[in-house]
Amino acid sequence: MKTLSKILSVFLLLYISLFGEEFKLEKVASLPGIPWGMSFLDESRLLITLKEGKAYLLDIKTKNLTPVYRTPKISDLGQGGLLDVQASPDYKNDGWIYFTYVKNIHAQGVTVLGRAKLKNNSFHSWQELLETKSSTKTGIHFGSRITFDKMDHLFFGVGDRGFRPNGQDTNTHAGSIIRLNLNGSVPKDNPFVDKVALDEIYSYGHRNPQGLFYDKKREILFECEHGPRGGDEINIIKKGLNYGWAKVSRGKEYWSGKMVGEATSMKGMEDPVKVYIPSIAPGSLMVYSGKVFKSWEGDLFLGALKLRHLNRVVLDRNLKAVKEERLLKNLKERIRNVIESPQGWIYISTDSGNIYVLRD
């Protein structure tokens with residue numbers, strides 16, 4: 001019985017038929033920390049960053065975990081640490097791997113974008129591409145997922161850093177989505193170039209964007225962010241637009257029942273595609289390709305931290321959210337990240353240090 005129990009706890013051989021799809025949920029690894037970021041380097045190697053500052057390579061065929069050395073020096077402050085990781089869109093040729101992480105600058109936390117190359121299980125050729133202007137003494141709202149469009153642009157988000165006025169201030173990177181060229185330079189067509197604002201900003205009015213994904217098929221940049229006591233949002237990010245925080249919100253104050261902000265909608269500020277009340281605390285977002293699970297093609301998947309499930313959102317042709325489903329509630333784990341493998345399987349990480357795969 002103990003052997004059977006162990007097998008079930010390790011592999012979770014759960015065959016589930018939902019929404020016309022049958023899948024198996026399998027536990028593939030356990031790590032000594034919070035696996036914040038994940039990125040496939042090829043069909044078999046998954047690179048994982050831990051918030052605490054470590055990194056590992058997981059061979060998805062053998063399930064072997066290998067430590068990766070020479071990670072950047074980080075500040076493991078509150079919600080900060082070693083955050084997202086994404087292999088370059090041309091990784092096979094250029095070898096670059098991009099990271100966001102929190103750095104201690106004069107005893108304050110700052111979100112940083114850097115890149116490095118991997119050789120012999122060690123990072124080298126480190127380049128710090130952008131030390132954002134986002135410092136505060138708080139340990140919250142650092143962002144910061146990374147994604148790429150089809151034109152060799154990189155996007156990543158920075159939270160308001162716990163200071164609400166930052167959301168409407170384009171002279172700070174806090175509360176914004178940033179767009180850069182792959183080498184860290186500023187695209188000439190960024191919306192605030194040569195204006196009284198920071199050149200790197202692509203959109204602003206964000207509270208804490210921890211999900212960001214460029215859907216190359218529809219050519220849409222999707223984002224999700226945390227709201228206060230309700231008001232989590234899914235947004236479609238467009239160039240130069242204002243997404244409202246903290247003038248507009250559908251959340252409530254933590255210390256009272258009062259609504260945050262001045263209104264739930266306001267002229268000149270973009271409304272979300274979907275709002276979650278109460279909060280699910282979305283820590284990541286991806287658009288599924290449909291390679292394996294055909295009926296899920298184009299659906300959004302979000303990892304829920306507070307309500308502990310995998311959130312699936314269906315959009316109609318007008319990009320309106322028409323259906324929501326909550327998967328893996330029985331897992332009862334804080335789902336930190338969700339990505340798709342080259343094979344079309346869905347990998348998730350949890351704050352318990354576990355990595356799971358949804359496969360056929």
Side-chain angles (χ1 to χ4, degrees), residues 18-19 34 36 51 78-79 138-145 157 159-164 166-167 175 205-213 222-237 243-266 269-288 299-316 319-338 346 348-352 354 356:
L18 292 170
F19 326 122
I34 298 174
W36 214 96
K51 177 183 176 295
Q79 296 172 358
T138 73
I140 61 173
H141 299 180
F142 294 98
S144 59
R145 297 291 174 192
D160 71 0
R161 299 293 289 102
F163 185 60
R164 291 179 179 178
N166 282 342
H206 302 287
R207 183 173 182 264
N208 190 21
Q210 283 195 344
L212 196 63
F213 190 94
F222 288 99
E223 176 258 8
C224 68
E225 60 186 76
H226 296 266
R229 286 188 63 192
D232 298 342
E233 297 178 357
I234 298 176
N235 292 298
I236 292 176
I237 303 301
Y243 288 80
W245 179 256
K247 286 182 174 292
V248 170
S249 177
R250 291 157 182 79
K252 295 180 179 180
E253 298 287 3
Y254 290 104
W255 52 86
S256 72
K258 294 183 178 179
M259 297 297 293
V260 174
E262 301 172 14
T264 56
S265 185
M266 191 176 292
M269 299 181 182
E270 299 302 299
D271 290 331
V273 171
K274 181 175 175 60
V275 178
Y276 294 89
I277 301 173
S279 293
I280 66 167
S284 55
L285 179 151
M286 78 156 187
V287 178
Y288 183 64
D299 292 351
L300 278 58
F301 284 83
L302 296 83
L305 296 166
K306 182 180 179 181
L307 293 193
R308 304 188 181 212
H309 68 273
L310 182 62
N311 194 268
R312 170 179 170 254
V313 175
V314 180
L315 304 179
D316 65 15
L319 301 176
K320 301 296 182 183
V322 294
K323 185 176 182 180
E324 178 199 348
E325 302 290 351
R326 302 187 174 192
L327 288 71
L328 309 184
K329 290 190 292 184
N330 292 337
L331 199 59
K332 296 181 180 180
E333 293 202 50
R334 287 166 56 88
I335 296 180
R336 175 63 59 177
N337 197 6
V338 52
I346 297 174
I348 63 171
S349 70
T350 73
D351 281 4
S352 302
N354 295 322
Y356 299 90

Are the side chains of [Y] and [X] in contact, using a 4.5 Å heavy-atom criterion?
{"X": "L300", "Y": "L315", "value": "yes"}
{"X": "I346", "Y": "Y288", "value": "yes"}
{"X": "L305", "Y": "I335", "value": "no"}

Exercise for the section: Test the R161-F142 pair against the cation-pi criterion, namely NZ or CZ under 6.0 angstrom from the six-membered ring centroid and within 45° of the ring axis. Expected result: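 Yes - R161 lies over the ring of F142, closer than 6.0 Å to its centre and within 45° of its axis.
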Exercise for the section: Find the distance between CZ (F213) and CG (L285) and round it off to the nearest 0.5 Å. Expected result: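 Answer rounded to 0.5 Å: 8.0 Å.
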Problem - Ring geometry between Y243 and H206 (parallel below 30°, tilted from 30 to 60°, perpendicular above 60°) - result: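 H206 and Y243: parallel rings.
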Practice task
Answer yes or no: is there a donor N or O on one side and an acceptor on the other, between the side chain of S352 and the main chain of N354, under 3.5 Å?
Solution key: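 Not confirmed, S352 side chain does not pair with N354 backbone.
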Practice task
Could you tell me whether a side-chain N or O of R312 sits under 3.5 Å from a main-chain N or O of F301, the two making a donor and an acceptor?
Solution key: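 Looks like no, no N/O pair under 3.5 Å.
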Handout entry: Neighbour count above 12 (heavy atom, 6.0 Å) for K252 NZ
Key =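 No, the 6.0 Å shell around NZ holds no more than 12 heavy atoms from other groups.
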Problem - Passing option when R308 is tested against R334, R326, K329 for side chain to side chain contact (heavy atoms under 4.5 Å, CB included) - result: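 Running side chain to side chain contact (heavy atoms under 4.5 Å, CB included) over R334, R326, K329 with R308 returns exactly one hit, R334.
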Practice task
State which residue, out of L327, L331, L302, fulfils the side chain to side chain contact (heavy atoms under 4.5 Å, CB included) condition with L310.
Solution key: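 So, applying the side chain to side chain contact (heavy atoms under 4.5 Å, CB included) to L310 and each of L327, L331, L302, only L327 qualifies.
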Practice task
Considering non-hydrogen atoms only, spot the tightest contact between P282 and C224 and give its length.
Solution key: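 The pair with the smallest heavy-atom distance is CB-SG, 3.8 Å.
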Checking side-chain polar atoms at under 3.5 Å, does [X] have a donor or acceptor matched by the opposite partner on [Y]?
{"X": "Y356", "Y": "E333", "answer": "yes"}
{"X": "R336", "Y": "S349", "answer": "no"}
{"X": "Y276", "Y": "N311", "answer": "yes"}
{"X": "H226", "Y": "D232", "answer": "no"}
{"X": "N235", "Y": "E270", "answer": "no"}
{"X": "E225", "Y": "N208", "answer": "no"}

Practice task
Test salt bridge (Lys or Arg N to Asp or Glu O under 4.0 Å) on R207 and D160 and set out the steps.
Solution key: CA-CA 5 Å; R207 183 173 182 264; D160 71 0; 5.1 Å; no
Handout entry: Audit row: K258, E253, salt bridge (Lys or Arg N to Asp or Glu O under 4.0 Å) steps and yes/no
Key = CA-CA 6 Å; K258 294 183 178 179; E253 298 287 3; over 6 Å; no
Exercise for the section: Quick one: do W36 and N337 satisfy side-chain hydrogen bond (donor to acceptor under 3.5 Å, both in side chains)? Show the steps, please. Expected result: CA-CA 7 Å; W36 214 96; N337 197 6; over 6 Å; no
